[in-house]
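Notes follow once the structure below has been shown.
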Amino acid sequence: MNKIYGIQYLRAFAALSVVALHAGKRVEADLPAPLYDVLSLGHGGVDLFFVISGFIMWSISQTKETDPAGFLVRRLIRVAPPYWIATLCFVLMSVVIGASWVELSGPHIVKSLAFVPHFNATEPTRIWPVLVPGWTLNYEMFFYMLFAATLLVGGSARFVVLTGLLLALVALGYAATPVDAIAITYTSPLLLEFLGGVVGARIWQSAPGGLLRNGLLIAMAAVAFLVLGPQVDPTDYWSRTIGFGGPGILLVSGVAGLAGRVPRLAVLERLGDASYAIYLFHLFVVLPMQVVWVALPGLHGPVAAIGFVLVVLGLSALLGNALYLYMERPLQIGLFNLLLHRNRRAQVVSR
């Protein structure tokens, strides 16, 4: 699938909103309350990622080969190596600095690397891997497995089967209220956000609409987000599916429909390319910056706190871009050629 620039820009926005959220948490006491409330809406960046993922997976399945094994290998190449590197770096950093607030164990690390949902050793009530932002990848990988299975089904039946699977899993979770980490994750209402992205892709492909309709969808997304977003409890996945996922579906659908009208902006395009690296590695900026912040109490205040957030955003973007260029993309190209016997860079999958 060719790049849809608007979707690229949304990827950048989603990643940076999560960075801003985590930066804001470190200086919460000094930020103006209204600004902190706005930054807290960055939780919705994760939900936007899920919608975008559903949109892209459906779109590429309509234009590229649909072999389930090949699809999964491409997804694994795209997602796993950078995550494994980030996780192992985080483990190493925690050991070197003697981080007492991080509890590590062999099973915890192995399950994290294998995308197995489990309760966190440090926060026993949360289903988090060692590298906390990686919790979203447990959902991504499960969705990829379900999606790959539906590639065995031809024609329009694929959408029906995928929709039925996702709705059945969510209904099962709602009815059974599971307590096991894997069951909670694999029956979560967050799966509906991926489905919303799939629906958005189908509508875009069959009836992309014009400026009026898509502009209206974007306006509706903004209003819904501003009204519902502040009411969302991020730990309640039904709450965030409605308050963040719903507006995200409208936003992605509207932006995709304006594909031919959105110009190419090199900086935003590059940030979109680097969004995964920004998301995975931003804690390696946030945590050292937090140490600096704590060590300089004389500088604390609203202006310095705002500056802290801006600096973290800038450094995270720079780090993510460098890692995309010199680690993530070379890994993709090398592994793609090695595992799938392709020699053209242009065929490396883009997320």
Side-chain angles (χ1 to χ4, degrees), residues 3-27 39 41-53 56 75-94 112-113 128-137 139-141 264-293 307-336 345 348-351:
K3 284 183 180 179
I4 303 174
Y5 293 119
I7 298 297
Q8 276 288 96
Y9 306 159
L10 288 182
R11 291 174 60 194
F13 174 76
L16 292 174
S17 68
V18 173
V19 176
L21 164 72
H22 291 157
K25 284 182 176 294
R26 269 64 188 184
V27 292
L39 295 182
L41 295 176
H43 284 287
V46 166
D47 305 85
L48 183 56
F49 267 132
F50 287 166
V51 177
I52 292 172
S53 184
I56 292 178
R75 291 294 92 205
L76 194 64
I77 289 172
R78 175 66 180 88
V79 172
Y83 171 62
W84 290 339
I85 291 171
T87 296
L88 294 175
C89 286
F90 187 79
V91 170
L92 179 62
M93 181 184 72
S94 300
S112 297
L113 295 174
W128 286 344
V130 170
L131 184 71
V132 172
W135 72 268
T136 63
L137 302 184
Y139 285 89
E140 292 276 359
M141 295 304 291
R264 180 181 183 181
L265 303 173
V267 172
L268 291 181
E269 182 185 11
R270 181 58 61 83
L271 287 173
D273 288 336
S275 60
Y276 185 48
I278 292 171
Y279 177 75
L280 278 184
F281 287 89
H282 73 277
L283 289 183
F284 293 92
V285 173
V286 172
L287 297 179
M289 285 295 296
Q290 181 182 10
V291 172
V292 174
W293 177 262
F308 177 92
V309 173
L310 293 176
V311 169
V312 168
L313 281 169
L315 291 177
S316 296
L318 290 173
L319 176 63
N321 186 60
L323 289 171
Y324 170 74
L325 289 175
Y326 301 112
M327 181 270 289
E328 181 184 348
R329 183 158 176 79
L331 271 175
Q332 285 183 49
I333 294 170
L335 290 172
F336 187 89
R345 288 191 175 192
V348 176
V349 68
S350 60
R351 187 167 181 239

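- Contact check for Leu265 versus Tyr5: no side-chain heavy atoms found under the 4.5 Å cut-off.
- Under a 3.5 Å cut-off, the side chain of Gln8 and the backbone N or O of Glu269 do form a donor-acceptor pair.
- Between the CG atom of Leu268 and the CG atom of Asp273 there is a distance of 11.0 Å, given to the nearest 0.5 Å.
- No option in Leu283, Val312, Val285, Val309 other than Leu283 meets the side-chain contact (heavy atoms from CB on, under 4.5 Å) test with His22.
- Contact detail for Gly320 and Ile278: the closest heavy-atom pair is CA-CG1, 3.7 Å.
- In this structure, the side chain of Tyr276 does not engage the main chain of Arg78 through any donor-acceptor pair within 3.5 Å.
- Side chain to side chain, Ser53 and Tyr139 fail the donor-acceptor criterion of an N or O pair below 3.5 Å.
- Atoms CG and NE2, on Leu315 and His282 in that order, are 13.0 Å from each other to the nearest 0.5 Å.
- Heavy-atom minimum distance, Ser275 versus Gly272: OG-O, 2.8 Å.
- Atom CZ in Phe49 sits 10.0 Å away from atom CG in Leu10 (nearest 0.5 Å).
- Between the side chain of Thr87 and the backbone N or O of Trp84 there is no donor-acceptor pair closer than 3.5 Å.
- Remark: Leu287 CG to Phe90 CZ distance equals 6.0 Å, nearest 0.5 Å.
- Counting non-hydrogen atoms of other residues, nucleotides and ligands closer than 6.0 Å to CZ of Phe13 gives a total of 12 or fewer.
- The two residues Gly24 and Leu39 come nearest to each other via the heavy atoms CA-CD1, 4.0 Å.
- Put simply, the side chain of Ile85 reaches to within 4.5 Å of the side chain of Leu331, judged on heavy atoms.
- For the pair Tyr83/Ser112, a side-chain contact is recorded, criterion being any heavy-atom separation below 4.5 Å from C-beta on.
- Rounded to the nearest 0.5 angstrom, Leu16 CG and Tyr279 OH are separated by 13.0 Å.
- Two residues are said to be in side-chain contact when any heavy atoms from C-beta on lie closer than 4.5 Å; Met141 and Leu76 meet this criterion.
- Annotation for Ala14 and Gly45: closest pair CB-O, 3.5 Å, computed over non-hydrogen atoms.
- The heavy-atom pair separating Pro129 from Gly134 by the smallest distance is CG-C, 3.5 Å.
- Here Leu325 contributes atom CG and Arg329 contributes atom CZ; the two are 9.0 Å apart, rounded to the nearest 0.5 Å.
- Taking both residues in full, the closest heavy atoms of Pro82 and Phe281 are given as O-CZ, 3.8 Å, listed atom of the first, atom of the second, then distance.
- Two residues are said to be in side-chain contact when any heavy atoms from C-beta on lie closer than 4.5 Å; Val18 and Pro133 fail this criterion.
- With contacts defined as side-chain heavy-atom distances shorter than 4.5 Å, the pair Glu140/Val79 does not qualify.
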